[in-house]
Amino acid sequence: ASQTGPTTTAIAQRASELRQLLQQASYAYYVLDQPVMEDAVYDRLYRELQDLEQQHPSLITPDSPTQRVGEQPATGFESVQHRIPLYSLENAFDAEELRSWDQRWRKLAPDVPADAGYVCELKIDGAAIALSYENGLLVRGATRGDGTRGEEITANLRTIKSIPLRLQTDQPPEWLEVRGEAFLSLTRFKQLNTEREKHGEALFANPRNAAAGTLRQLDPRIVAERQLDFFAYSIQGPNDWANLDQAASLDCLQSLGFRVEPHRQTCPTLAEVEQYFSDWDARRRDLPYLTDGVVVKLQSRRLQDELGFTQKFPRWAIALKYPADEAPTQLQHVTVQV
Ligand SMILES: CC(C)(C)c1nc(N2CCN(c3ncccn3)CC2)c2cc(C(N)=O)c(N)nc2n1
């Protein structure tokens, strides 16, 4: 006689329905910034799923929202080799250095189409991380490390609500590498430092250090409490998943369920890149997160592939940096960590 009586099947269906409802609500809230469900309703459905999973552990799936925060602190982090190395970025500190980069890649490219354009992305000041998906499921997360090897921090990254535990596609690729920046919002950074001050703990010097330090916490529950966020900016996968132009790759990341910094812009000429850079030097102070520059990338995937990489950098990208603020306005009231 089959073990799965009507109730078991009905329970399994209810668990799957709850998972979907909760995932959609969480995606709308943390990725789209557009809540679709009252918190109280979310909490009630979440508790119902937790109860079902506790009564029937076989119903637990790795992408269930109840599986984001592990109870067991790690004893240490394993060193892992990235499937594809993470490169650094060459820096440019003024328009002249930007133009010199532009001349250099143009000399190297065999034939540069007249309409070769750029994509400008605000450079988020956080901690670079690598996410590995297999058949649509998040199987590993790691710090950037030295670009070749990083620390395996999957349990910590699973607590970041804007990192999907499952890709939003019904035809997931066999493997997919997503790189991006884990960061702490300015509001959250200030709240954490206010808390730490109250308990006489050392303050975080800036949101970047706070994010990097949080990712190295052994206890995922502490990572969850910090409420880190994540912007994806690079996607690599098997052939048809990976030969997208720059702007299309960012759109693809969004369609898969990732947060992508919304102010990215395609700039046909270097003049527009410089315009974007100066426009955002003022506007960025109103953003809810720290930035330290603009990453300028060639739009054309063919050009990116033709130009390739030096030992350290892609030839087709550069970080155009803002001058480091002496007393950054957002942080002025925070005392420096003693
Ligand atoms: C995929 C490439 C290599 C072109 C790339 N690399 C980046 N970075 C590399 C250097 N990184 C790094 N980090 C620590 C030590 C050395 N290099 C930090 C990430 C990018 C960082 C941002 C951002 N922050 O917003 C971004 N929108 N796009 C990036 N794109």
Side-chain angles (χ1 to χ4, degrees), residues 82-93 98 101 105 118-132 141-151 153 160 162-163 176-186 206-213 215-216 228-237 242-254 258-267 273 276-277 280 284 287-301 303-322 324:
H82 298 299
R83 182 188 194 111
I84 302 168
L86 284 88
Y87 288 89
S88 270
L89 278 171
E90 186 178 352
N91 286 329
F93 294 98
L98 175 70
W101 163 74
W105 72 261
Y118 313 82
V119 173
C120 288
E121 300 168 16
L122 292 178
K123 188 169 183 295
I124 309 304
D125 197 4
I129 57 149
L131 300 169
S132 304
T143 62
R144 180 185 184 288
D146 63 7
T148 303
R149 300 188 71 83
E151 288 178 312
I153 55 166
I160 301 178
S162 49
I163 291 181
L176 193 78
E177 287 290 316
V178 172
R179 278 85 198 271
E181 206 83 0
F183 67 95
L184 209 54
S185 72
L186 286 165
N206 54 54
R208 183 191 57 248
N209 289 9
L215 288 176
R216 299 173 48 79
L228 288 174
D229 206 332
F230 176 74
F231 278 131
Y233 54 67
S234 160
I235 178 171
Q236 290 154 299
N243 47 14
L244 299 166
D245 284 344
Q246 189 56 27
S249 70
L250 297 174
D251 297 343
C252 177
L253 281 164
Q254 261 181 311
F258 292 95
R259 267 197 101 190
V260 175
E261 210 288 327
H263 304 105
R264 63 209 188 258
Q265 188 171 312
T266 306
C267 299
V273 168
Y276 177 93
F277 181 74
W280 279 99
R284 68 197 180 102
L287 290 170
Y289 35 82
L290 270 197
T291 58
D292 61 346
V294 170
V295 186
V296 185
K297 302 175 182 179
L298 294 188
Q299 160 70 341
S300 156
R301 183 58 198 240
L303 271 178
Q304 289 182 12
D305 293 346
E306 275 169 12
L307 290 165
F309 301 81
T310 69
Q311 281 296 320
K312 287 173 62 182
F313 312 126
R315 291 192 183 89
W316 45 269
I318 193 157
L320 184 52
K321 305 281 286 202
Y322 291 116

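Numbering of ligands and ligand atoms starts at 1, following listing order.
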Name the closest protein heavy atom to [atom], giving the residue it belongs to and the distance to 0.1 Å.
| atom | value |
| --- | --- |
| atom 19 (C) of ligand 1 | Y233 OH, 3.1 Å |
| atom 18 (C) of ligand 1 | A128 CB, 4.0 Å |
| atom 9 (C) of ligand 1 | Y87 O, 3.2 Å |
| atom 23 (C) of ligand 1 | I124 N, 3.5 Å |
| atom 11 (N) of ligand 1 | R144 NE, 3.8 Å |
| atom 30 (N) of ligand 1 | K297 NZ, 3.0 Å |
| atom 27 (N) of ligand 1 | E121 OE1, 3.0 Å |

Is the shortest distance from a heavy atom of L122 to ligand 1 less than 4.0 Å?
yes
Is there a side-chain contact between L131 and F258 (heavy atoms, below 4.5 Å)?
yes
Using the ring of each side chain (for Trp, its six-membered ring), is W105 parallel, tilted or perpendicular to Y118, with breaks at 30° and 60°?
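Perpendicular: the ring planes of W105 and Y118 meet at over 60°.
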Is there a donor-acceptor pair under 3.5 Å between the side chain of [X] and the backbone N or O of [Y]?
| X | Y | result |
| --- | --- | --- |
| R315 | L307 | yes |
| D245 | R301 | yes |
| Q304 | L298 | yes |

Quick one: does ligand 1 sit under 4.0 Å from the side chain of [X], the backbone, both or neither, non-hydrogen atoms only?
| X | result |
| --- | --- |
| V295 | side chain |
| K123 | both |
| E261 | neither |

With a 3.5 Å cut-off and no angle check, do the side chains of H263 and E261 form a donor-acceptor pair?
yes
